[in-house]
Novice: 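Have a look at this one before I ask anything.
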Number of protein chains: 2
Amino acid sequence: MDSGLPVKRTIADQVAELVRQRILTGQLKGGQPIRQEHLATELGVSRIPLREALKQLAAEGFVTITSHKGAVVAELSIAEVEELFDIRLKLETWLLQLAIPAMIERDLAALEKNLEEQRRPDILPRWGDVNWRFHEVMYLPAGRPITLKLLKNIHDKIDRYLRLEVTMRSGFDRALREHDGLIAFCRSRDVPAAVSLLERHIRDTARGLIASLKVQ
Amino acid sequence: MDSGLPVKRTIADQVAELVRQRILTGQLKGGQPIRQEHLATELGVSRIPLREALKQLAAEGFVTITSHKGAVVAELSIAEVEELFDIRLKLETWLLQLAIPAMIERDLAALEKNLEEQRRPDILPRWGDVNWRFHEVMYLPAGRPITLKLLKNIHDKIDRYLRLEVTMRSGFDRALREHDGLIAFCRSRDVPAAVSLLERHIRDTARGLIASLKVQ
DNA sequence: TGAAGCGAGATTGTATACAATATACAGCGA
DNA sequence: TCGCTGTATATTGTATACAATCTCGCTTCA
(Lines give C-alpha, C1' and ligand atoms only; values in the text may rest on other atoms or scores of the structure.)
Protein backbone atom coordinates (compact mmCIF):
# COMPACT_ATOMS: atom_id res chain seq x y z
CA MET A 1 0.00 0.00 0.00
CA ASP A 2 2.51 2.62 1.15
CA SER A 3 5.00 1.81 -1.55
CA GLY A 4 6.55 5.27 -1.21
CA LEU A 5 7.90 4.62 2.26
CA PRO A 6 11.63 4.14 2.67
CA VAL A 7 12.62 0.55 3.29
CA LYS A 8 14.97 1.37 6.12
CA ARG A 9 13.11 3.88 8.23
CA THR A 10 15.26 6.34 10.06
CA ILE A 11 14.44 7.43 13.60
CA ALA A 12 13.59 10.91 12.33
CA ASP A 13 11.03 9.46 9.93
CA GLN A 14 9.46 7.27 12.60
CA VAL A 15 9.23 10.20 14.99
CA ALA A 16 7.67 12.40 12.31
CA GLU A 17 5.06 9.74 11.63
CA LEU A 18 4.33 9.29 15.33
CA VAL A 19 4.00 12.98 16.09
CA ARG A 20 1.81 13.44 13.03
CA GLN A 21 -0.46 10.66 14.26
CA ARG A 22 -0.62 12.20 17.72
CA ILE A 23 -1.68 15.49 16.19
CA LEU A 24 -4.23 13.82 13.93
CA THR A 25 -5.74 11.83 16.77
CA GLY A 26 -5.85 14.80 19.09
CA GLN A 27 -3.35 13.39 21.58
CA LEU A 28 -1.47 16.57 20.83
CA LYS A 29 -3.94 19.40 20.78
CA GLY A 30 -3.82 22.58 18.77
CA GLY A 31 -1.76 25.33 20.33
CA GLN A 32 0.08 22.91 22.57
CA PRO A 33 3.83 23.54 22.74
CA ILE A 34 6.17 20.63 22.02
CA ARG A 35 9.15 20.49 24.37
CA GLN A 36 12.00 18.78 22.60
CA GLU A 37 13.84 17.38 25.61
CA HIS A 38 10.63 16.07 27.14
CA LEU A 39 9.32 14.34 24.02
CA ALA A 40 12.76 13.04 23.08
CA THR A 41 13.33 11.32 26.42
CA GLU A 42 9.78 9.95 26.35
CA LEU A 43 10.50 8.35 22.98
CA GLY A 44 13.99 7.28 24.02
CA VAL A 45 15.78 9.24 21.30
CA SER A 46 17.97 12.30 21.18
CA ARG A 47 16.73 15.71 20.14
CA ILE A 48 18.47 15.60 16.76
CA PRO A 49 16.07 13.26 14.93
CA LEU A 50 13.15 14.85 16.77
CA ARG A 51 14.15 18.29 15.52
CA GLU A 52 14.40 16.98 11.97
CA ALA A 53 10.94 15.48 12.32
CA LEU A 54 9.58 18.80 13.57
CA LYS A 55 11.11 20.67 10.63
CA GLN A 56 9.35 18.29 8.29
CA LEU A 57 6.03 18.61 10.12
CA ALA A 58 6.39 22.38 10.04
CA ALA A 59 6.82 22.33 6.26
CA GLU A 60 3.74 20.12 6.05
CA GLY A 61 1.81 22.60 8.14
CA PHE A 62 1.15 20.47 11.23
CA VAL A 63 3.27 22.49 13.62
CA THR A 64 4.53 26.06 13.74
CA ILE A 65 8.15 26.67 14.68
CA THR A 66 9.36 29.97 16.08
CA SER A 67 13.09 30.52 16.42
CA HIS A 68 14.37 29.86 19.93
CA LYS A 69 10.84 29.37 21.21
CA GLY A 70 10.01 25.98 19.81
CA ALA A 71 7.24 24.18 18.01
CA VAL A 72 3.54 24.38 18.78
CA VAL A 73 0.82 22.24 17.27
CA ALA A 74 -0.78 24.25 14.50
CA GLU A 75 -4.34 25.41 14.87
CA LEU A 76 -6.74 26.16 12.07
CA SER A 77 -9.08 29.11 12.24
CA ILE A 78 -12.60 28.65 10.93
CA ALA A 79 -11.65 30.74 7.90
CA GLU A 80 -8.73 28.41 7.22
CA VAL A 81 -10.92 25.31 7.50
CA GLU A 82 -13.34 26.90 5.05
CA GLU A 83 -10.50 27.68 2.67
CA LEU A 84 -9.21 24.11 2.81
CA PHE A 85 -12.68 22.81 1.96
CA ASP A 86 -12.82 25.25 -0.94
CA ILE A 87 -9.54 23.92 -2.28
CA ARG A 88 -10.87 20.39 -1.92
CA LEU A 89 -13.96 21.40 -3.84
CA LYS A 90 -12.01 22.80 -6.76
CA LEU A 91 -9.44 20.02 -7.00
CA GLU A 92 -11.59 17.00 -6.19
CA THR A 93 -14.34 17.86 -8.65
CA TRP A 94 -11.65 18.26 -11.29
CA LEU A 95 -10.08 14.91 -10.45
CA LEU A 96 -13.46 13.20 -10.47
CA GLN A 97 -14.15 14.54 -13.96
CA LEU A 98 -10.89 13.06 -15.14
CA ALA A 99 -11.29 9.83 -13.22
CA ILE A 100 -14.77 8.70 -14.24
CA PRO A 101 -13.99 8.13 -17.94
CA ALA A 102 -10.84 6.26 -16.94
CA MET A 103 -12.43 3.96 -14.36
CA ILE A 104 -12.40 0.23 -14.94
CA GLU A 105 -14.36 -2.45 -13.12
CA ARG A 106 -11.59 -3.01 -10.63
CA ASP A 107 -11.80 0.63 -9.49
CA LEU A 108 -15.54 0.44 -8.97
CA ALA A 109 -15.15 -2.80 -7.06
CA ALA A 110 -12.54 -1.17 -4.83
CA LEU A 111 -14.94 1.68 -4.11
CA GLU A 112 -17.68 -0.76 -3.15
CA LYS A 113 -15.33 -2.72 -0.95
CA ASN A 114 -14.39 0.47 0.82
CA LEU A 115 -18.03 1.43 1.24
CA GLU A 116 -18.68 -1.93 2.90
CA GLU A 117 -15.97 -1.15 5.39
CA GLN A 118 -17.59 2.20 6.08
CA ARG A 119 -20.81 0.39 7.01
CA ARG A 120 -19.19 -1.76 9.67
CA PRO A 121 -20.30 -0.87 13.19
CA ASP A 122 -16.77 -0.34 14.55
CA ILE A 123 -15.82 2.15 11.88
CA LEU A 124 -15.76 5.33 13.91
CA PRO A 125 -12.17 5.20 15.15
CA ARG A 126 -10.94 4.46 11.64
CA TRP A 127 -13.39 6.77 9.88
CA GLY A 128 -10.84 9.41 8.96
CA ASP A 129 -8.59 6.89 7.26
CA VAL A 130 -11.29 4.92 5.50
CA ASN A 131 -13.12 8.03 4.35
CA TRP A 132 -9.96 9.42 2.79
CA ARG A 133 -9.20 6.13 1.10
CA PHE A 134 -12.65 6.18 -0.48
CA HIS A 135 -11.94 9.53 -2.05
CA GLU A 136 -8.40 8.50 -2.96
CA VAL A 137 -9.54 5.35 -4.74
CA MET A 138 -12.14 7.40 -6.58
CA TYR A 139 -9.54 9.90 -7.86
CA LEU A 140 -6.73 7.44 -8.52
CA PRO A 141 -7.82 6.70 -12.13
CA ALA A 142 -7.39 10.41 -12.90
CA GLY A 143 -3.65 9.82 -12.88
CA ARG A 144 -2.76 13.02 -11.03
CA PRO A 145 -0.45 11.90 -8.22
CA ILE A 146 0.77 15.34 -7.15
CA THR A 147 -2.76 16.63 -6.73
CA LEU A 148 -3.70 13.49 -4.84
CA LYS A 149 -0.83 13.91 -2.40
CA LEU A 150 -1.77 17.53 -1.90
CA LEU A 151 -5.36 16.53 -1.17
CA LYS A 152 -4.22 13.90 1.30
CA ASN A 153 -2.36 16.57 3.21
CA ILE A 154 -5.48 18.72 3.29
CA HIS A 155 -7.65 15.82 4.40
CA ASP A 156 -5.23 15.08 7.23
CA LYS A 157 -5.41 18.62 8.48
CA ILE A 158 -9.20 18.66 8.34
CA ASP A 159 -9.72 15.19 9.80
CA ARG A 160 -8.22 16.31 13.04
CA TYR A 161 -11.24 18.55 13.51
CA LEU A 162 -13.70 16.05 12.10
CA ARG A 163 -12.67 13.72 14.89
CA LEU A 164 -13.62 16.33 17.43
CA GLU A 165 -17.05 16.70 15.93
CA VAL A 166 -19.08 14.84 18.52
CA THR A 167 -22.31 15.12 16.58
CA MET A 168 -20.71 13.26 13.73
CA ARG A 169 -23.38 10.59 13.82
CA SER A 170 -25.81 12.98 12.18
CA GLY A 171 -23.61 13.77 9.23
CA PHE A 172 -22.34 10.22 9.14
CA ASP A 173 -25.35 8.54 7.55
CA ARG A 174 -25.61 11.34 5.05
CA ALA A 175 -21.98 10.84 4.08
CA LEU A 176 -22.61 7.13 3.53
CA ARG A 177 -25.62 7.83 1.33
CA GLU A 178 -23.63 10.34 -0.69
CA HIS A 179 -20.75 7.90 -1.10
CA ASP A 180 -23.25 5.32 -2.30
CA GLY A 181 -24.66 7.80 -4.81
CA LEU A 182 -21.18 8.69 -6.04
CA ILE A 183 -20.46 5.08 -6.85
CA ALA A 184 -23.72 4.81 -8.75
CA PHE A 185 -22.93 7.86 -10.88
CA CYS A 186 -19.40 6.58 -11.49
CA ARG A 187 -20.87 3.31 -12.71
CA SER A 188 -23.24 5.06 -15.08
CA ARG A 189 -20.42 7.41 -16.15
CA ASP A 190 -22.67 10.36 -15.42
CA VAL A 191 -19.98 12.97 -14.91
CA PRO A 192 -22.22 16.02 -14.33
CA ALA A 193 -24.35 14.21 -11.77
CA ALA A 194 -21.32 12.80 -9.98
CA VAL A 195 -19.58 16.16 -9.86
CA SER A 196 -22.66 17.91 -8.62
CA LEU A 197 -23.16 15.29 -5.90
CA LEU A 198 -19.51 15.53 -4.91
CA GLU A 199 -19.87 19.28 -4.63
CA ARG A 200 -22.83 18.85 -2.34
CA HIS A 201 -20.98 16.16 -0.40
CA ILE A 202 -17.99 18.39 0.29
CA ARG A 203 -20.12 21.40 1.06
CA ASP A 204 -22.29 19.37 3.45
CA THR A 205 -19.24 18.07 5.27
CA ALA A 206 -17.82 21.57 5.49
CA ARG A 207 -21.08 23.02 6.74
CA GLY A 208 -21.44 20.39 9.45
CA LEU A 209 -17.89 20.77 10.65
CA ILE A 210 -17.88 24.53 10.66
CA ALA A 211 -21.19 24.66 12.49
CA SER A 212 -19.79 22.44 15.22
CA LEU A 213 -16.62 24.54 15.38
CA LYS A 214 -18.59 27.72 15.83
CA VAL A 215 -20.50 26.29 18.78
CA GLN A 216 -17.33 25.77 20.76
CA MET B 1 7.16 42.22 2.15
CA ASP B 2 8.10 38.89 3.70
CA SER B 3 6.32 39.58 6.94
CA GLY B 4 6.10 35.89 7.70
CA LEU B 5 9.83 35.46 8.13
CA PRO B 6 11.23 34.95 11.61
CA VAL B 7 12.99 38.00 12.98
CA LYS B 8 15.98 36.08 14.27
CA ARG B 9 16.90 33.77 11.44
CA THR B 10 18.50 30.54 12.46
CA ILE B 11 21.35 29.01 10.48
CA ALA B 12 19.09 26.18 9.36
CA ASP B 13 16.59 28.70 7.94
CA GLN B 14 19.30 30.63 6.13
CA VAL B 15 20.75 27.46 4.65
CA ALA B 16 17.30 26.30 3.54
CA GLU B 17 16.73 29.62 1.81
CA LEU B 18 20.14 29.52 0.16
CA VAL B 19 19.84 25.96 -1.11
CA ARG B 20 16.33 26.70 -2.35
CA GLN B 21 17.68 29.66 -4.29
CA ARG B 22 20.49 27.58 -5.74
CA ILE B 23 17.96 25.04 -6.93
CA LEU B 24 15.67 27.71 -8.34
CA THR B 25 18.49 29.44 -10.18
CA GLY B 26 19.87 26.20 -11.52
CA GLN B 27 23.17 26.39 -9.64
CA LEU B 28 22.07 23.05 -8.28
CA LYS B 29 20.71 21.01 -11.13
CA GLY B 30 18.01 18.37 -11.08
CA GLY B 31 19.27 14.93 -10.13
CA GLN B 32 22.44 16.30 -8.59
CA PRO B 33 23.29 14.72 -5.22
CA ILE B 34 23.92 17.00 -2.25
CA ARG B 35 26.85 15.89 -0.10
CA GLN B 36 26.30 17.12 3.41
CA GLU B 37 29.90 17.37 4.55
CA HIS B 38 30.94 19.13 1.36
CA LEU B 39 28.16 21.71 1.35
CA ALA B 40 28.41 22.25 5.10
CA THR B 41 32.11 23.08 5.02
CA GLU B 42 31.59 25.29 1.98
CA LEU B 43 29.01 27.29 3.93
CA GLY B 44 31.05 27.19 7.10
CA VAL B 45 28.42 25.43 9.19
CA SER B 46 28.02 21.99 10.69
CA ARG B 47 25.88 19.29 9.15
CA ILE B 48 23.12 19.62 11.77
CA PRO B 49 21.47 22.81 10.48
CA LEU B 50 22.10 21.69 6.91
CA ARG B 51 20.28 18.43 7.54
CA GLU B 52 17.33 20.30 9.03
CA ALA B 53 17.25 22.54 5.99
CA LEU B 54 17.26 19.52 3.70
CA LYS B 55 14.35 17.93 5.62
CA GLN B 56 12.38 21.09 5.10
CA LEU B 57 13.23 21.29 1.40
CA ALA B 58 12.28 17.64 1.02
CA ALA B 59 8.85 18.32 2.52
CA GLU B 60 8.50 21.25 0.14
CA GLY B 61 9.37 19.01 -2.76
CA PHE B 62 12.65 20.59 -3.85
CA VAL B 63 14.88 17.65 -2.94
CA THR B 64 14.37 13.94 -2.49
CA ILE B 65 15.93 12.23 0.50
CA THR B 66 16.69 8.53 0.58
CA SER B 67 17.74 6.97 3.87
CA HIS B 68 21.48 6.60 4.22
CA LYS B 69 21.99 7.72 0.65
CA GLY B 70 21.36 11.41 0.92
CA ALA B 71 19.48 14.17 -0.81
CA VAL B 72 19.29 14.79 -4.53
CA VAL B 73 17.80 17.81 -6.23
CA ALA B 74 14.29 16.87 -7.32
CA GLU B 75 13.48 16.63 -10.99
CA LEU B 76 10.09 17.11 -12.54
CA SER B 77 8.93 14.90 -15.37
CA ILE B 78 6.99 16.51 -18.19
CA ALA B 79 3.83 14.90 -16.84
CA GLU B 80 4.48 16.48 -13.45
CA VAL B 81 5.03 19.90 -14.96
CA GLU B 82 1.76 19.52 -16.84
CA GLU B 83 -0.02 18.53 -13.65
CA LEU B 84 1.36 21.52 -11.78
CA PHE B 85 0.09 23.83 -14.52
CA ASP B 86 -3.31 22.14 -14.31
CA ILE B 87 -3.45 22.80 -10.58
CA ARG B 88 -2.50 26.41 -11.23
CA LEU B 89 -5.27 26.65 -13.78
CA LYS B 90 -7.93 25.39 -11.38
CA LEU B 91 -6.85 27.40 -8.36
CA GLU B 92 -5.78 30.64 -10.01
CA THR B 93 -8.95 31.04 -12.03
CA TRP B 94 -10.91 30.49 -8.84
CA LEU B 95 -8.88 33.07 -6.94
CA LEU B 96 -9.23 35.57 -9.76
CA GLN B 97 -13.01 35.20 -9.68
CA LEU B 98 -12.97 35.98 -5.99
CA ALA B 99 -10.42 38.75 -6.27
CA ILE B 100 -11.87 40.93 -9.00
CA PRO B 101 -15.01 42.00 -7.12
CA ALA B 102 -12.86 42.74 -4.07
CA MET B 103 -10.20 44.82 -5.84
CA ILE B 104 -9.74 48.44 -4.91
CA GLU B 105 -7.80 51.12 -6.74
CA ARG B 106 -4.68 50.42 -4.74
CA ASP B 107 -4.62 46.82 -5.99
CA LEU B 108 -4.95 47.88 -9.60
CA ALA B 109 -2.21 50.45 -9.13
CA ALA B 110 0.06 47.78 -7.67
CA LEU B 111 -0.57 45.58 -10.68
CA GLU B 112 0.33 48.40 -13.05
CA LYS B 113 3.45 49.21 -11.07
CA ASN B 114 4.49 45.58 -11.35
CA LEU B 115 3.80 45.56 -15.07
CA GLU B 116 6.08 48.56 -15.48
CA GLU B 117 8.84 46.61 -13.82
CA GLN B 118 8.22 43.74 -16.20
CA ARG B 119 8.83 46.12 -19.10
CA ARG B 120 12.26 47.20 -17.90
CA PRO B 121 15.07 45.94 -20.12
CA ASP B 122 17.02 44.25 -17.33
CA ILE B 123 14.07 42.18 -16.18
CA LEU B 124 15.17 38.74 -17.34
CA PRO B 125 17.21 37.67 -14.32
CA ARG B 126 14.39 38.75 -12.00
CA TRP B 127 11.56 37.57 -14.25
CA GLY B 128 10.59 34.60 -12.12
CA ASP B 129 10.17 36.73 -9.03
CA VAL B 130 8.42 39.64 -10.67
CA ASN B 131 6.10 37.42 -12.66
CA TRP B 132 4.99 35.57 -9.55
CA ARG B 133 4.47 38.81 -7.69
CA PHE B 134 2.17 39.99 -10.48
CA HIS B 135 -0.02 36.97 -10.03
CA GLU B 136 0.23 37.19 -6.25
CA VAL B 137 -0.88 40.81 -6.18
CA MET B 138 -3.76 39.94 -8.47
CA TYR B 139 -5.02 37.15 -6.19
CA LEU B 140 -4.34 38.87 -2.88
CA PRO B 141 -7.77 40.57 -2.72
CA ALA B 142 -9.38 37.12 -2.82
CA GLY B 143 -8.34 36.68 0.79
CA ARG B 144 -7.23 33.05 0.45
CA PRO B 145 -3.75 32.97 2.03
CA ILE B 146 -3.37 29.18 2.16
CA THR B 147 -4.13 28.81 -1.52
CA LEU B 148 -1.76 31.63 -2.30
CA LYS B 149 1.07 30.00 -0.40
CA LEU B 150 0.38 26.74 -2.16
CA LEU B 151 0.50 28.47 -5.52
CA LYS B 152 3.78 30.17 -4.65
CA ASN B 153 5.31 26.78 -3.98
CA ILE B 154 4.08 25.54 -7.36
CA HIS B 155 5.39 28.64 -9.13
CA ASP B 156 8.79 28.15 -7.53
CA LYS B 157 9.01 24.59 -8.77
CA ILE B 158 7.98 25.58 -12.28
CA ASP B 159 10.14 28.69 -12.50
CA ARG B 160 13.23 26.59 -12.26
CA TYR B 161 12.38 25.16 -15.65
CA LEU B 162 11.13 28.46 -17.05
CA ARG B 163 14.61 29.82 -16.44
CA LEU B 164 16.07 27.10 -18.58
CA GLU B 165 13.78 27.97 -21.43
CA VAL B 166 16.22 29.73 -23.68
CA THR B 167 13.61 30.72 -26.21
CA MET B 168 11.80 32.61 -23.50
CA ARG B 169 11.92 35.83 -25.50
CA SER B 170 9.20 34.51 -27.77
CA GLY B 171 6.74 33.76 -25.02
CA PHE B 172 7.88 36.80 -23.11
CA ASP B 173 6.15 39.50 -25.15
CA ARG B 174 3.01 37.44 -25.24
CA ALA B 175 3.06 37.14 -21.45
CA LEU B 176 3.38 40.93 -21.16
CA ARG B 177 0.43 41.49 -23.47
CA GLU B 178 -1.65 39.00 -21.52
CA HIS B 179 -0.75 40.63 -18.23
CA ASP B 180 -1.76 43.95 -19.72
CA GLY B 181 -5.08 42.49 -20.79
CA LEU B 182 -5.68 40.97 -17.39
CA ILE B 183 -5.31 44.38 -15.75
CA ALA B 184 -7.79 45.84 -18.20
CA PHE B 185 -10.40 43.19 -17.45
CA CYS B 186 -9.82 43.58 -13.73
CA ARG B 187 -10.44 47.31 -14.09
CA SER B 188 -13.68 46.74 -15.98
CA ARG B 189 -14.65 44.01 -13.51
CA ASP B 190 -15.25 41.67 -16.40
CA VAL B 191 -14.84 38.39 -14.55
CA PRO B 192 -15.61 35.99 -17.41
CA ALA B 193 -13.24 37.75 -19.79
CA ALA B 194 -10.49 37.93 -17.18
CA VAL B 195 -10.85 34.28 -16.25
CA SER B 196 -10.86 33.20 -19.86
CA LEU B 197 -7.75 35.25 -20.57
CA LEU B 198 -6.02 33.87 -17.49
CA GLU B 199 -6.83 30.35 -18.66
CA ARG B 200 -5.25 31.09 -22.00
CA HIS B 201 -2.30 32.75 -20.29
CA ILE B 202 -1.55 29.74 -18.14
CA ARG B 203 -2.11 27.28 -20.96
CA ASP B 204 0.16 29.30 -23.26
CA THR B 205 2.90 29.37 -20.66
CA ALA B 206 2.53 25.65 -20.11
CA ARG B 207 2.58 24.89 -23.80
CA GLY B 208 5.71 26.93 -24.38
CA LEU B 209 7.57 25.39 -21.48
CA ILE B 210 6.58 21.83 -22.23
CA ALA B 211 7.49 22.23 -25.88
CA SER B 212 10.97 23.40 -24.93
CA LEU B 213 11.30 20.55 -22.42
CA LYS B 214 10.41 17.97 -25.02
CA VAL B 215 13.10 19.24 -27.36
CA GLN B 216 15.86 18.51 -24.90
C1' DT C 1 3.38 52.17 42.49
C1' DG C 2 5.39 50.60 38.54
C1' DA C 3 8.62 50.32 34.99
C1' DA C 4 13.26 49.15 33.62
C1' DG C 5 17.19 46.23 34.40
C1' DC C 6 19.27 42.00 35.67
C1' DG C 7 20.26 37.15 36.60
C1' DA C 8 19.26 32.07 37.15
C1' DG C 9 17.03 28.47 35.12
C1' DA C 10 14.82 26.56 31.13
C1' DT C 11 14.79 25.79 26.29
C1' DT C 12 16.37 25.89 21.77
C1' DG C 13 20.34 26.00 18.23
C1' DT C 14 24.77 24.19 16.66
C1' DA C 15 29.27 21.79 16.74
C1' DT C 16 31.80 17.74 17.56
C1' DA C 17 32.21 12.79 18.05
C1' DC C 18 30.82 8.43 17.16
C1' DA C 19 27.72 4.65 15.23
C1' DA C 20 25.27 2.66 11.34
C1' DT C 21 24.88 2.04 6.66
C1' DA C 22 26.16 2.19 1.88
C1' DT C 23 29.69 2.06 -1.83
C1' DA C 24 33.80 0.68 -4.24
C1' DC C 25 37.13 -2.42 -5.00
C1' DA C 26 40.43 -6.20 -4.33
C1' DG C 27 40.88 -11.07 -3.68
C1' DC C 28 39.23 -15.55 -4.30
C1' DG C 29 37.09 -19.61 -6.32
C1' DA C 30 34.52 -21.91 -10.03
C1' DT D 1 36.38 -14.44 -17.24
C1' DC D 2 32.64 -14.03 -14.19
C1' DG D 3 30.54 -13.65 -9.97
C1' DC D 4 30.79 -13.65 -5.09
C1' DT D 5 32.52 -12.05 -0.64
C1' DG D 6 34.70 -9.46 2.52
C1' DT D 7 37.03 -5.32 3.78
C1' DA D 8 38.32 -0.33 3.46
C1' DT D 9 36.43 4.08 2.62
C1' DA D 10 32.86 7.39 2.17
C1' DT D 11 28.58 9.08 3.65
C1' DT D 12 24.68 9.44 6.38
C1' DG D 13 22.25 9.04 11.07
C1' DT D 14 22.27 9.90 16.04
C1' DA D 15 24.02 11.02 20.69
C1' DT D 16 26.38 14.08 23.61
C1' DA D 17 28.19 18.55 24.85
C1' DC D 18 28.12 23.19 24.72
C1' DA D 19 26.59 27.96 23.12
C1' DA D 20 22.86 31.21 22.31
C1' DT D 21 18.48 32.83 23.44
C1' DC D 22 14.34 33.23 25.96
C1' DT D 23 11.37 33.30 30.31
C1' DC D 24 10.23 34.95 34.52
C1' DG D 25 10.69 36.56 38.94
C1' DC D 26 13.35 39.76 41.69
C1' DT D 27 15.50 44.06 42.57
C1' DT D 28 16.14 48.75 42.12
C1' DC D 29 15.16 53.34 41.34
C1' DA D 30 12.30 57.23 39.76
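Chain naming here is simple, since letters A, B, ... match the order of the sequence lines and numbering starts at 1 in each.
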Novice: By nearest heavy atom, map A:G44 and A:K69 onto DNA chain D; which one lands nearer the 5' end?
Specialist: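 Its nearest nucleotide lies further toward 5', so the answer is A:G44.
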
Novice: Rounded to whole angstroms, how far apart are CZ on B:R47 and P on D:dG13?
Specialist: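 Checked: the CZ to P distance equals 8 Å.
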
Novice: Over how many whole Å does the gap from A:R9 atom CZ to C:dT21 atom P extend?
Specialist: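 For the pair A:R9 CZ and C:dT21 P, the rounded distance is 15 Å.
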
Novice: Do B:E83 and A:P145 come close enough that some side-chain heavy atom pair is under 4.5 Å?
Specialist: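 A side-chain contact under 4.5 Å exists here.
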
Novice: Any base atoms under 4.0 Å from B:I65, or only sugar-phosphate, or nothing? Heavy atoms, all strands.
Specialist: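 Nothing: the residue B:I65, judged by heavy atoms under 4.0 Å, touches no strand.
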
Novice: Have a look at B:L50 and say if it touches a base, only the backbone sugar-phosphate, or nothing, with a 4.0 Å heavy-atom cut-off.
Specialist: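 Answer is nothing: B:L50 stays at 4.0 Å or more from every strand.
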
Novice: If we ignore hydrogens and angles and just use 3.5 Å, is the side chain of A:R119 paired with the main-chain N or O of A:E117 as donor and acceptor?
Specialist: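 Looks like no, no N/O pair under 3.5 Å.
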
Novice: Starting at CG of A:L39 and ending at P of D:dA15, how long is that distance when rounded to a whole Å?
Specialist: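 Value for this atom pair: 13 Å.
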
Novice: Ignoring hydrogens and geometry beyond distance, is the side chain of B:R51 in donor-acceptor contact with the base of D:dG13 at under 3.5 Å?
Specialist: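 Side chain to base: no pair below 3.5 Å.
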
Novice: Whole angstrom is fine here: how far is it from CD in B:E52 over to P in C:dT14?
Specialist: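 Checked: the CD to P distance equals 7 Å.
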
Novice: Rounded to whole Å, how long is the line connecting atom CD1 of A:I48 with atom P of D:dC18?
Specialist: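 Atom-to-atom, A:I48 to D:dC18, this comes out as 15 Å.
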
Novice: Take the protein atom CG of B:L43 and the nucleotide atom C1' of C:dG13, then report the distance between them rounded to whole Å.
Specialist: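 From B:L43 CG to C:dG13 C1': 17 Å.
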
Novice: Whether B:T10 contacts C:dT14 is assessed here as follows: a side-chain N or O lying under 4.0 Å from the phosphate OP1 or OP2. Is that the case?
Specialist: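 Looking at the OP1 and OP2 atoms of C:dT14, one of them is under 4.0 Å from a side-chain N or O of B:T10.
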
Novice: Does B:L151 reach the side chain of B:W132, with side-chain heavy atoms less than 4.5 Å apart?
Specialist: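 Contact flag for B:L151/B:W132 side chains = yes.
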
Novice: Taking the side chain as everything from C-beta on, heavy atoms only, tell me whether A:E92 gets closer than 4.5 Å to A:Y139.
Specialist: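 Yes, their side chains come closer than 4.5 Å.
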
Novice: What integer distance in Å separates A:I11:CD1 from C:dT21:C1'?
Specialist: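 One finds 13 Å between C1' of C:dT21 and CD1 of A:I11, rounded.
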
Novice: May I have the distance from A:E37 (atom CD) to C:dG9 (atom C1'), rounded to whole angstrom?
Specialist: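 Rounding to the nearest Å, CD of A:E37 and C1' of C:dG9 are 14 Å apart.
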
Novice: Please confirm whether the shortest side-chain N or O distance from B:R35 to OP1 or OP2 of D:dT12 is below 4.0 Å.
Specialist: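 Yes, such a contact exists.
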
Novice: At under 4.0 Å, does any side-chain N or O of B:S46 touch on OP1 or OP2 of C:dT14?
Specialist: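 No.
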
Novice: Are A:Q36 and C:dG13 close enough that a side-chain N or O sits under 4.0 Å from OP1 or OP2?
Specialist: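 Yes, because at least one side-chain N or O of A:Q36 sits under 4.0 Å from OP1 or OP2 of C:dG13.
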
Novice: For a 4.5 angstrom cut-off between non-hydrogen side-chain atoms, does B:V63 reach B:L28?
Specialist: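 Of all side-chain heavy-atom pairs linking B:L28 with B:V63, none is under 4.5 Å.
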
Novice: I want to confirm an ordering. Mapping A:H68 and A:A12 to their closest nucleotides on DNA chain D, which one lands closer to the 5' end?
Specialist: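 Its nearest nucleotide being more 5', the pick is A:A12.
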
